[in-house]
Structure formats: structure tokens, C-alpha cells
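Here is the structure we will look at.
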Amino acid sequence: MNIKDVFEQLNEAYSDKNLNEISAKLILHYKAKDFVSIRQFANKISKYVNIDAEKDAKCFSSLMMLYHPDKGESYRIQIRQLYEQNDLEHLKGFEHVLLMSDIENVVIQVVDEDVEYHPEYVWEEENADGFQYTNDDEYEGEFADADYERSFYNLIKMREYGKIDIELPTYYFEDFEEYEMNDAGMDSLDGVEYCIHAKILDVSNNSVEDISDLWHLQHLEELYLSDNQIGIIDALASLTALKIVDLSGNQIDDISPLFGLENLEYVNLIGNPILPDQVKILERKGCVVCC
């Protein structure tokens, strides 16, 4: 295929119409909690784009930032420039969108919410980047019935020592830039305020209501809060480095605290009762918004 054919094919693939179809189908899969299909899409384009397909919230966010129709004009400008420069090699770097062409034919696998599913979790060994919470049948039930406040702070203790009746210096939390604590059975963010160097925080799929402890985390760039019980997000107004925030599946009706965040690129609001006028404010700032 010559460069003109590649250009014309990509120009059509990155049309607003095609990107609308891709992003709309991705949102349908997300709303149905069909994360298996979403991960499959991410794996299909892994030759071109590095996406962490193992983290549901991050995976969906990355795909939406790639294929949201608001990105179309920017893509088409870049594609035309490469065509005019006769740069076929870099032009082919945009071909990942062609691998999404069959997304319309993928059947959405709906999760049966009537099925009771209560996985047990333990901590993995820490790595250089942060903490991860993982499912491991070997430890099934070990901490399931423990009678303690399931705060961020206590869950760190359980990860490290298997008990909470110990002293854990708060400076310990300063050593990591990433915390993966999704599906941890967490009730509060008490203790997260000590993670002053954190850049990525995932506390999705928990039972958190109050996020005021996030107020001073000035280095946070990615924040995943989906599927909690959050109603007020005033604390996010101070997170000036924030680029990505997933607030889906909560009870938020006012997103005005996000309006002053100049670095914000992507917001997921699916499942929240947000007024369209507020969404438009974010979109006018150039932010990709899913709702």
C-alpha cells in the first residue's frame, strides 16, 4: 500500500464519525462492566500503544483518551503533516485505530449483578514503584473477618505486617509514587495524606465517601476513584498536577472543583448525575470527558 492509500485510510479512520462509534462502544462495554472485552481491545493495539491492560480503570481511560472524538482534529492534522512530509514510517504508527474496526461486532458481556462474588485479597510484595493489592486464593479468608477500621493506613499495615496493632512511621508513605488499592474493602482514606510524593493513586471499587484527605497531594497526576460512595469532590480543587481522574460510579452532582485544574486532560463521569452545562465547561477547556 502506497503512502497516499495509507493517508486516505487513516484520515477516514480518524473521522469524527468513526471515533464516535469506537468511543460509544467502549463506553457501553464499560457501563456493562465488560472489562474482559476492554482489555482485549487494549491487547490488540499493544504493538503500537503501551496500555496497562491489567488495570480496568487505567485501561478504559487510556483507550478513551486515544479514541475520543475530541482528539480527531488533532490526529488528522498530524496525519496530513506526515503525508506531506512523505513520512510513511511514522504515518503507520497511527494504524492502531484500524485494529478497532471490528468493535461494533463484539458482543457486550453483561455482568450478572445478582451473583454474589466476594473475593479475598492480600498484598503483593512491594516493588520500586508502589503498592498493589491482589487476589490470591492461597490466602482466602485470612483477613476477611478481621475487626478493624478498613482505612488506607490500616490496610498498609495489614499489607506489611498482617496486623494493625503496630507503629508505622508516616514517613514510610513518602517513598512511593504509585499506590494500587482498588477492590481493597476500604472505608476511608485516612492515612493517604502522608503519600506526599504519590503521582498515581487507584482506590476504585471501595466504599470511600470522604476524599478530603487528598487535599495536599500536590504531585498526583492520575487518580482513580470509580465505584465508591463519593458525593463531594472539593478536595480535588487543590490537586494542580492532576491530568487524569476517574469519578465514575459515584453520586457526584457538582464538578466545579475541577474547573481550575489547568493540567486536566481526561475525566470519567459515567454514572454520576452531572449537569450538561458543567460538562461543557470542562470540554471547552480541552478536556476529554466521558459521561
Side-chain angles (χ1 to χ4, degrees), residues 1-111 200 202 204 221-222 224 226 243-246 248 264-270 279 282-283 285-291:
M1 186 178 293
N2 61 44
I3 190 169
K4 182 179 179 182
D5 292 336
V6 173
F7 164 70
E8 291 177 348
Q9 188 180 36
L10 290 176
N11 202 49
E12 175 62 27
Y14 284 103
S15 67
D16 291 344
K17 178 178 181 295
N18 193 51
L19 292 179
N20 263 309
E21 291 175 354
I22 293 174
S23 58
K25 195 62 182 286
L26 284 170
I27 289 172
L28 287 175
H29 283 282
Y30 185 80
K31 286 182 175 179
K33 299 188 183 297
D34 181 12
F35 300 119
V36 172
S37 295
I38 291 174
R39 287 193 292 270
Q40 288 174 347
F41 298 139
N43 288 325
K44 284 182 69 173
I45 65 172
S46 60
K47 175 184 174 182
Y48 299 88
V49 184
N50 184 24
I51 295 178
D52 187 353
E54 298 303 314
K55 308 299 179 186
D56 296 332
K58 290 183 182 180
C59 185
F60 175 73
S61 298
S62 297
L63 287 170
M64 287 303 301
M65 289 184 71
L66 272 176
Y67 301 120
H68 195 279
D70 287 352
K71 298 280 190 176
E73 182 64 21
S74 173
Y75 281 132
R76 293 191 293 271
I77 290 173
Q78 293 177 67
I79 289 167
R80 176 165 291 280
Q81 288 174 343
L82 291 171
Y83 171 61
E84 292 174 349
Q85 295 165 8
N86 200 35
D87 190 345
L88 180 60
E89 180 182 355
H90 286 97
L91 196 60
K92 284 181 171 291
F94 288 86
E95 290 185 330
H96 53 84
V97 70
L98 304 177
L99 299 176
M100 303 291 288
S101 60
D102 64 344
I103 191 171
E104 286 296 318
N105 301 320
V106 178
V107 177
I108 295 175
Q109 304 296 320
V110 180
V111 175
I200 302 174
D202 185 351
S204 53
E221 297 179 2
E222 299 182 26
Y224 301 91
S226 63
K243 297 178 180 179
I244 295 172
V245 60
D246 186 346
S248 59
L264 200 59
E265 299 175 2
Y266 169 88
V267 181
N268 186 350
L269 299 171
I270 292 172
V279 174
L282 284 181
E283 290 176 336
K285 291 168 62 69
C287 188
V288 171
V289 183
C290 296
C291 56

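Here the closest heavy-atom approach between residue Cys59 and residue Ile51 is recorded as CA-CG2, 4.0 Å. Here the closest non-hydrogen pair linking Pro69 and Asn20 is CG-OD1, 3.3 Å. Taking both residues in full, the closest heavy atoms of Ala13 and Leu98 are given as CB-CD2, 3.7 Å, listed atom of the first, atom of the second, then distance. Residues Asn2 and Asp5 come closest through the heavy atom pair OD1-N, 2.8 Å. For Leu88 against Ile3, the heavy-atom pair with the smallest separation is N-CD1, 3.8 Å. The two residues Cys287 and Val267 make their nearest non-hydrogen contact at SG-CG2, 3.6 Å.
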Asn268 and Met64: CA distance, side-chain angles, deciding distance, side chain to side chain contact (heavy atoms under 4.5 Å, CB included) verdict: CA-CA 9 Å; Asn268 186 350; Met64 287 303 301; over 6 Å; no
Chi angles and distances behind the side chain to side chain contact (heavy atoms under 4.5 Å, CB included) call for Asp56, Lys33: CA-CA 9 Å; Asp56 296 332; Lys33 299 188 183 297; over 6 Å; no
Candidate pair Asp202 and Glu222, rule side chain to side chain contact (heavy atoms under 4.5 Å, CB included), full reasoning: CA-CA 8 Å; Asp202 185 351; Glu222 299 182 26; over 6 Å; no
Residues Glu21, Lys25; criterion salt bridge (charged side-chain N to carboxylate O under 4.0 Å, His left out); working and verdict: CA-CA 6 Å; Glu21 291 175 354; Lys25 195 62 182 286; over 6 Å; no
Side chain to side chain donor-acceptor pair (under 3.5 Å) between Ser248 and Tyr30, intermediate numbers included: CA-CA 10 Å; Ser248 59; Tyr30 185 80; 2.6 Å; yes
Chi angles and distances behind the side chain to side chain contact (heavy atoms under 4.5 Å, CB included) call for Tyr75, Val97: CA-CA 11 Å; Tyr75 281 132; Val97 70; over 6 Å; no
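Aromatic ring pairs are classed by plane angle as parallel below 30°, tilted from 30° to 60° and perpendicular above 60°; the pair His29 and Phe41 is perpendicular.
For the atom pair Ile79 CD1 and Gln9 CD, the distance stands at 10.5 Å (nearest 0.5 Å). Annotation: the span from Ser61 atom OG to Asp52 atom CG amounts to 11.5 Å, rounded to 0.5 Å. In this structure, CD on Glu221 lies 4.5 Å from NZ on Lys243, to the nearest 0.5 angstrom. Atom-to-atom distance recorded for Leu91:CG and Gln85:CD is 10.0 Å, nearest 0.5 angstrom. To the nearest 0.5 angstrom, Ile27 atom CD1 is 5.0 Å from Ile270 atom CD1.
More than 12 heavy-atom neighbours from other residues, nucleotides or ligands sit within 6.0 angstrom of CD on Glu283. Remark: Lys285 NZ is packed, more than 12 non-hydrogen atoms of other residues, nucleotides or ligands lying under 6.0 Å away. Other residues, nucleotides and ligands contribute over 12 non-hydrogen atoms within 6.0 Å of the CD atom of Glu84. Other residues, nucleotides and ligands place no more than 12 heavy atoms under 6.0 Å from the CG atom of Asn50.
The main-chain N or O of Leu99 is found under 3.5 Å from a side-chain atom of Lys44 such that the two form a donor-acceptor pair. Put simply, the side chain of Asn18 never gets that close to the backbone of Tyr14: no donor and acceptor are under 3.5 Å apart. Using modelled atom types, no side-chain atom of Ser74 and backbone atom of Lys71 make a donor-acceptor pair closer than 3.5 Å. At least one donor-acceptor pair under 3.5 Å links the side chain of Ser46 to the backbone N or O of Asn43.
For the pair Ile22/Leu66, no side-chain contact is recorded, criterion being any heavy-atom separation below 4.5 Å from C-beta on. Lys55 is not listed as a side-chain neighbour of Tyr224, based on a closest heavy-atom distance of 4.5 Å or more. By the 4.5 Å heavy-atom criterion applied to side chains, Ile244 and Asp246 are not counted as neighbours. Side-chain contact check for His96 versus Tyr67: some heavy-atom pair is nearer than 4.5 Å. Within the 4.5 Å cutoff, no side-chain heavy atoms of Arg76 are placed close to those of Arg80. The closest side-chain heavy-atom distance from Glu95 to Val6 is below 4.5 Å. Counting heavy atoms from C-beta outward, Leu10 and Tyr83 have side chains that stay 4.5 Å or more apart.
Ring centroids of Tyr266 and His68 are separated by 6.0 Å or more, keeping the two rings apart.
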